[in-house]
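All chains are named by letter (A, B, ...) in the order of the sequence lines, taking the proteins before the strands, and each is independently numbered beginning at 1.
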Amino acid sequence: MGYWLLKSEPVAFGLVDLTAAPNQTTTWEGVRNYQARNFLRDGLQLGDQAFFYHSSTIRPAIVGIVEVVRAGYPDETAFDPISPYYDAASTPDQPRWYRVDIRLQRSLRRAITLAELKQHRDALGDFALLRRGNRLSVLPVTAAQWAFILSLEPTAPF
DNA sequence: GCCAACGTTGGC
DNA sequence: GCCAACGTTGGC
């Protein structure tokens, strides 16, 4: 079972949108970065969990947990000339870009902000989200990092 | 809005 | 293959 972090700009598609989506499920398409593509194609497996992260916003933060409900498959938006994600170099025979489908498992009881995560650099170790100049929209999380971050979320009220 | 980081493109 | 130019990401 693998763990990941998926970034999304809430202005474009945030937790509110995922919550409102049919079946609280969406397809994670339009990723046009090779490293992220490799994770989508080869890394994310059915049943894997991922943090849902809000980026490019006033308070960047992990806000939810999603589950992979369909592992990597070709991102067909690359084949569509009208799509903003169109890429003439990607063909059905030789797809260049991949996507996964995800479903909201639950919202976090509170947002765990990037600022807070930075305070725990030592505990988190080498965490892709905290690397300098990190721009990856799909990144791996170790089991230890996953457990630690979840431990920051308050449990039952009492 | 600014700027650092960094991936991509294209000329040579 | 090098590298400058350029575009995008994303935090602040």
Side-chain angles (χ1 to χ4, degrees), chain A residues 2-21 26-44 48-68 71-102 104-142 144-146 148-153:
Chain A
Y3 299 103
W4 310 90
L5 182 144
L6 302 174
K7 288 183 190 171
S8 190
E9 301 188 15
V11 164
F13 188 89
L15 184 65
V16 168
D17 303 290
L18 182 56
T19 301
T26 193
T27 186
W28 208 253
E29 67 190 11
V31 173
R32 296 293 180 266
N33 168 281
Y34 286 104
Q35 207 179 341
R37 185 281 310 269
N38 293 345
F39 288 135
L40 290 177
R41 186 188 59 190
D42 311 324
L44 280 74
D48 280 2
Q49 288 177 294
F51 288 128
F52 189 82
Y53 176 87
H54 280 170
S55 68
S56 291
T57 185
I58 192 116
R59 234 168 129 250
I62 294 170
V63 293
I65 296 174
V66 301
E67 180 183 3
V68 176
Y73 63 105
D75 181 351
E76 294 135 32
T77 61
F79 309 146
D80 179 2
I82 295 169
S83 168
Y85 303 128
Y86 178 63
D87 179 358
S90 185
T91 66
D93 281 350
Q94 296 246 307
R96 172 177 290 189
W97 306 112
Y98 282 73
R99 62 178 170 185
V100 300
D101 293 349
I102 58 165
L104 180 65
Q105 223 165 45
R106 66 176 180 89
S107 304
L108 292 193
R109 289 185 286 277
R110 69 178 185 90
I112 298 175
T113 65
L114 177 62
E116 182 176 356
L117 293 172
K118 284 180 173 172
Q119 292 174 357
H120 297 288
R121 276 185 190 279
D122 290 347
L124 286 168
D126 185 20
F127 185 26
L129 186 69
L130 299 183
R131 274 184 214 143
R132 230 162 54 100
N134 158 60
R135 292 162 58 196
L136 261 188
S137 60
V138 179
L139 52 92
V141 177
T142 67
Q145 288 160 349
W146 182 270
F148 178 80
I149 291 167
L150 279 183
S151 79
L152 298 174
E153 183 191 24

Open item on the list: So A/Ser55, base contact, sugar-phosphate only, or nothing? Heavy-atom distance under 4.0 Å.
Closed with: sugar-phosphate

Open item on the list: Considering every strand and a 4.0 Å limit on heavy-atom distances, what is the contact class for A/Ile58: base, sugar-phosphate, or nothing?
Closed with: nothing

Could you tell me whether a side-chain N or O of [X] sits under 3.5 Å from a main-chain N or O of [Y], the two making a donor and an acceptor?
{"X": "A/Lys118", "Y": "A/Leu130", "result": "no"}
{"X": "A/Arg110", "Y": "A/Leu152", "result": "yes"}
{"X": "A/Ser8", "Y": "A/Phe13", "result": "yes"}

Specify the separation, in whole Å, of atom [atom1] of [X] and atom [atom2] of [N].
{"X": "A/Asn134", "N": "B/dG7", "atom1": "CG", "atom2": "C1'", "result": "13 Å"}
{"X": "A/Leu6", "N": "C/dG10", "atom1": "CG", "atom2": "P", "result": "12 Å"}
{"X": "A/Leu130", "N": "C/dC12", "atom1": "CG", "atom2": "P", "result": "10 Å"}
{"X": "A/Gln35", "N": "C/dT9", "atom1": "CD", "atom2": "C1'", "result": "14 Å"}
{"X": "A/Arg59", "N": "C/dG10", "atom1": "CZ", "atom2": "P", "result": "19 Å"}
{"X": "A/Lys118", "N": "C/dG10", "atom1": "NZ", "atom2": "P", "result": "13 Å"}
{"X": "A/Ile62", "N": "C/dG11", "atom1": "CD1", "atom2": "P", "result": "12 Å"}
{"X": "A/Leu139", "N": "C/dT9", "atom1": "CG", "atom2": "P", "result": "15 Å"}

Open item on the list: Quick check on B/dA5: is either OP1 or OP2 less than 4.0 Å from any side-chain nitrogen or oxygen of A/Arg135?
Closed with: no

Open item on the list: Tell me whether the side-chain N/O atoms of A/Lys7 come closer than 4.0 Å to OP1 or OP2 in C/dT9.
Closed with: no

Task: Closest nucleotide among C/dG10, B/dC6, B/dT8 to the A/Tyr34 side chain - done: B/dT8

Task: Closest nucleotide among C/dG11, C/dG10, B/dG7 to the A/Asn33 side chain - done: B/dG7

Open item on the list: Using a strict threshold of under 4.0 Å (side-chain N to carboxylate O), is an ion pair present between A/Asp87 and A/Arg32?
Closed with: no

- [ ] Can you establish whether the number of heavy atoms outside A/Arg131 located under 6.0 Å from its atom CZ is more than 12?
- [x] yes

